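Working notes, beginning with the structure itself.
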Amino acid sequence: MRKRIFAANWKMNHGPTAAAGFIHQFRSRWVKGDAEVAFFPSALSFAAVRAAAGDPSPFKLGVQNVYAADRGAFTGENSAPMAKDAGADYVLVGHSERRHVFGETDADCAAKCAIVERSGLTPLLCVGETLQQRQKGETSSIVTRQLREGLAKLDQIEATTSVIAYEPVWAIGTGQNATPQDAAETHAVLRRALRDLIGDRAAEVSILYGGSVTPANAAQILAASDVDGVLVGGASLEVESWLSICSA
Ligand code: PGA
């Protein structure tokens, strides 16, 4: 009943030329199945990706960030209504790089999730503990707080349509992935937290795992219970490895 989602977070990689080339190559070799494949290119490459994907696009498209206002004097920012107008389906919210490099708080995430939903887009809310928090045994409390506070401004229907990604900070870009068991345990914590918020509808929310997913570990991670897909950075930048993950 839940969607399986393979999401490529390209971060600050692939300008318009490289991004379009990637999509053309990927499209010509990818075999569509039941799972959804989503690309999160840089905002500057979004139009090129959309054009290369074709109309209708066989992929979902998303942006990596928005500012929590519809418009205005916010030099350098992009808004959720603009992302909608550009053809996005998803918006990443609360990625650990936004939280830790740019200082975004749970309150920022809540404001962004709200404006994303109200713009007719789906927030993909990322949560995850640092290594220090994990070592102190705080994983469950941290991810539960990030989930509850991130979704705090959504009503039950909106929260049901959101997507969650568990991305332990220590696993992002480090080559050290969570074990399938670590992922299953934390995904179960998140599912319980969702149940507290939206009851039985919690079963409809896809929870992705992210953090050093590669062609070598994707199948094992996807087989873990409550793991409904993956959010991939580094290994989504090469056509070959992304094709391999999407067929795991
Ligand atoms: P990674 O990044 O796959 O390179 O670890 C994942 C992410 O940041 O979403």
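Keep in mind it's a predicted model, so treat the numbers as computed, not measured. Quick note: numbers below take in every heavy atom, side chains included, and nothing from hydrogens, waters or symmetry partners. Order of appearance sets the numbers: ligands from 1, and atoms from 1 within every ligand.
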### Query
Can you list the residues that meet the side-chain contact (heavy atoms from CB on, under 4.5 Å) rule with Asp70, with sequence neighbours excluded?
Pro81, Ile115

### Query
So does Glu117 pair up with Lys153, basic N to acidic O under 4.0 Å?
no

#### Entry: With Ser140 via side-chain contact (heavy atoms from CB on, under 4.5 Å) - residues at least two apart
Val189

### Task
Report yes if some heavy atom in the side chain of Ile164 is under 4.5 Å from a heavy atom in the side chain of Leu124; otherwise report no.
no

### Gap between atom CZ of Phe40 and atom OG of Ser45 - 0.5 Å precision
14.5 Å

### Query
Pro215: what forms a side-chain contact (heavy atoms from CB on, under 4.5 Å) with it, not counting sequence neighbours?
Ala235, Ser241, Ser244, Ile245

Mind listing the N or O contacts between ligand 1 and protein, cut-off under 3.5 Å?
unit_1   : atom_1 : unit_2 : atom_2 : d
ligand 1 : 2 (O)  : Lys11  : NZ     : 3.3
ligand 1 : 2 (O)  : Gly233 : N      : 3.4
ligand 1 : 3 (O)  : Gly233 : N      : 2.8
ligand 1 : 4 (O)  : Gly234 : N      : 2.8
ligand 1 : 5 (O)  : Gly173 : N      : 2.7
ligand 1 : 5 (O)  : Ser212 : N      : 2.7
ligand 1 : 8 (O)  : Lys11  : NZ     : 2.7
ligand 1 : 8 (O)  : His95  : NE2    : 2.6
ligand 1 : 9 (O)  : His95  : NE2    : 3.2
ligand 1 : 9 (O)  : Glu167 : OE1    : 3.2
ligand 1 : 9 (O)  : Glu167 : OE2    : 2.7

